[in-house]
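Just below is one structure, and these are the notes that go with it.
All of these numbers come straight from a predicted model, not from anything done at the bench. Values below: all heavy atoms of this structure, side chains included; hydrogens, waters and symmetry mates excluded.
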Amino acid sequence: QGQLAESGGGSVQAGGSLRLSCTASGYSSSRSCMAWFRQAPGKEREGVARIVHSGGSTYYTDSVKGRFTISQDNAKGMVYLQMNNLQPEDSGMYYCAANAYVSACRGPNLVQHDFTGWGQGTQVTVSS
């Protein structure tokens with residue numbers, strides 16, 4: 001089981017940008033599926049974006065398409081989430097998630113139970 005650690009959260013005004021980082025240790029760059037989830041107070045955790053750790057295939061939930069970009073740096077063992085044009089509804093705790101097997105990236109949707117590794121989260125607050 002690898003380890004995940006998020007950073008880069010903060011407070012911004014609507015329309016602003018943030019870049020979240022996830023340090024992923026112990027996950028093979030050629031076989032892992034990496035993702036970002038978020039959870040707002042009183043709401044269920046929802047999938048935001050997903051990427052095959054070796055590069056290529058990505059998935060975004062509809063509400064962030066065109067605004068968020070997931071990427072990775074395999075050499076550094078990092079996964080990023082660039083978030084532009086942030087809106088108050090994007091506020092919440094953002095979690096990095098991983099599965100050591102790329103098959104987790106093949107499902108039609110982005111769901112929690114496909115991921116076995118989780119970070120502690122980083123808070124994003126967007127004010128109007």
Side-chain angles (χ1 to χ4, degrees):
Q1 184 82 356
Q3 292 186 329
L4 305 170
E6 305 93 337
S7 62
S11 297
V12 296
Q13 291 189 326
S17 298
L18 284 172
R19 187 195 195 204
L20 305 183
S21 299
C22 173
T23 303
S25 58
Y27 288 96
S28 166
S29 62
S30 64
R31 296 198 303 267
S32 299
C33 177
M34 308 297 295
W36 287 95
F37 285 75
R38 66 186 179 189
Q39 188 168 20
K43 295 187 177 180
E44 293 187 356
R45 191 173 297 186
E46 65 167 342
V48 175
R50 180 182 76 192
I51 189 168
V52 176
H53 203 22
S54 59
S57 176
T58 57
Y59 170 100
Y60 297 94
T61 194
D62 286 345
S63 62
V64 307
K65 286 180 181 177
R67 300 188 299 123
F68 290 13
T69 303
I70 189 170
S71 63
Q72 61 192 351
D73 184 331
N74 288 332
K76 296 181 179 179
M78 300 292 294
V79 181
Y80 305 101
L81 185 68
Q82 177 66 43
M83 305 185 295
N84 298 326
N85 190 22
L86 283 160
Q87 301 300 314
E89 54 266 33
D90 294 316
S91 296
M93 188 70 77
Y94 281 69
Y95 298 92
C96 181
N99 189 306
Y101 297 96
V102 71
S103 57
C105 273
R106 293 174 181 160
N109 299 303
L110 181 51
V111 293
Q112 292 187 66
H113 62 70
D114 283 336
F115 295 87
T116 56
W118 293 87
Q120 294 298 309
T122 186
Q123 180 69 38
V124 172
T125 303
V126 185
S127 57
S128 58

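With rounding to the nearest 0.5 Å, the separation of CZ in Phe68 from CG in Leu86 is 5.0 Å. Of the inter-residue distances, the one linking Met83 atom CE with Leu18 atom CG reads 4.5 Å to the nearest 0.5 angstrom. Taken from CD in Glu44 to CD in Gln39, the straight-line distance is 8.5 Å, to the nearest 0.5 Å. For the atom pair CD of Glu6 and CG of Leu81, the computed distance is 11.0 Å after rounding to the nearest 0.5 Å.
With sequence neighbours excluded, the residues that form a salt bridge (Lys or Arg N to Asp or Glu O under 4.0 Å) with Lys65 are Asp62. For the side-chain hydrogen bond (donor to acceptor under 3.5 Å, both in side chains) test, residues two or more places apart in sequence or in another chain that qualify with Ser17 are Asn84. A search for side-chain contact (heavy atoms from CB on, under 4.5 Å) contacts involving Thr58 returns Ile51, Tyr60, Ile70, not counting sequence neighbours.
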Under 3.5 Å donor-acceptor pairs involving side-chain atoms of residues 89-110, not counting sequence neighbours:
unit_1: Asp90; atom_1: OD1; unit_2: Arg38; atom_2: NH1; d: 2.9
unit_1: Asp90; atom_1: OD1; unit_2: Arg67; atom_2: NH2; d: 3.0
unit_1: Asp90; atom_1: OD2; unit_2: Arg67; atom_2: NH1; d: 2.7
unit_1: Asp90; atom_1: OD2; unit_2: Arg67; atom_2: NH2; d: 3.4
unit_1: Asp90; atom_1: OD2; unit_2: Gln87; atom_2: N; d: 2.8
unit_1: Ser91; atom_1: OG; unit_2: Pro88; atom_2: O; d: 3.0
unit_1: Ser91; atom_1: OG; unit_2: Val126; atom_2: N; d: 2.8
unit_1: Ser91; atom_1: OG; unit_2: Val126; atom_2: O; d: 3.4
unit_1: Tyr94; atom_1: OH; unit_2: Arg38; atom_2: NH1; d: 3.0
unit_1: Tyr94; atom_1: OH; unit_2: Asp90; atom_2: O; d: 2.5
unit_1: Asn99; atom_1: OD1; unit_2: Tyr101; atom_2: N; d: 2.8
unit_1: Asn99; atom_1: ND2; unit_2: Asp114; atom_2: O; d: 2.6

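Contact record, Tyr27 with Ser32: CB-OG, 3.3 Å, taken as the closest heavy-atom pair.
Within the structure, no pair that satisfies the side chain to side chain donor-acceptor pair (under 3.5 Å) test touches residues 119-128, not counting sequence neighbours. Contacts classified as ring pair (Phe, Tyr, Trp, His ring centres under 6.0 Å) and involving residues 109-128 (residues at least two apart or in different chains) are given here: Phe37-Phe115, Phe37-Trp118.
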* Determine, step by step, whether Val79 and Trp36 satisfy the side-chain contact (heavy atoms from CB on, under 4.5 Å) criterion, reporting the C-alpha distance in whole Å, the side-chain angles of both residues, the deciding distance to 0.1 Å, and the verdict. => CA-CA 9 Å; Val79 181; Trp36 287 95; 3.8 Å; yes

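Gln3 places no side-chain N or O within donor-acceptor distance of the main-chain N or O of Thr23, the cut-off being under 3.5 Å.
In this structure, Val12 is a member of the same hydrophobic cluster as Leu20, with clusters built from ILVMFWY side-chain heavy atoms closer than 4.5 Å. Linking ILVMFWY residues whenever their side-chain heavy atoms come closer than 4.5 Å, directly or via other members, places Val124 and Leu4 in the same cluster.
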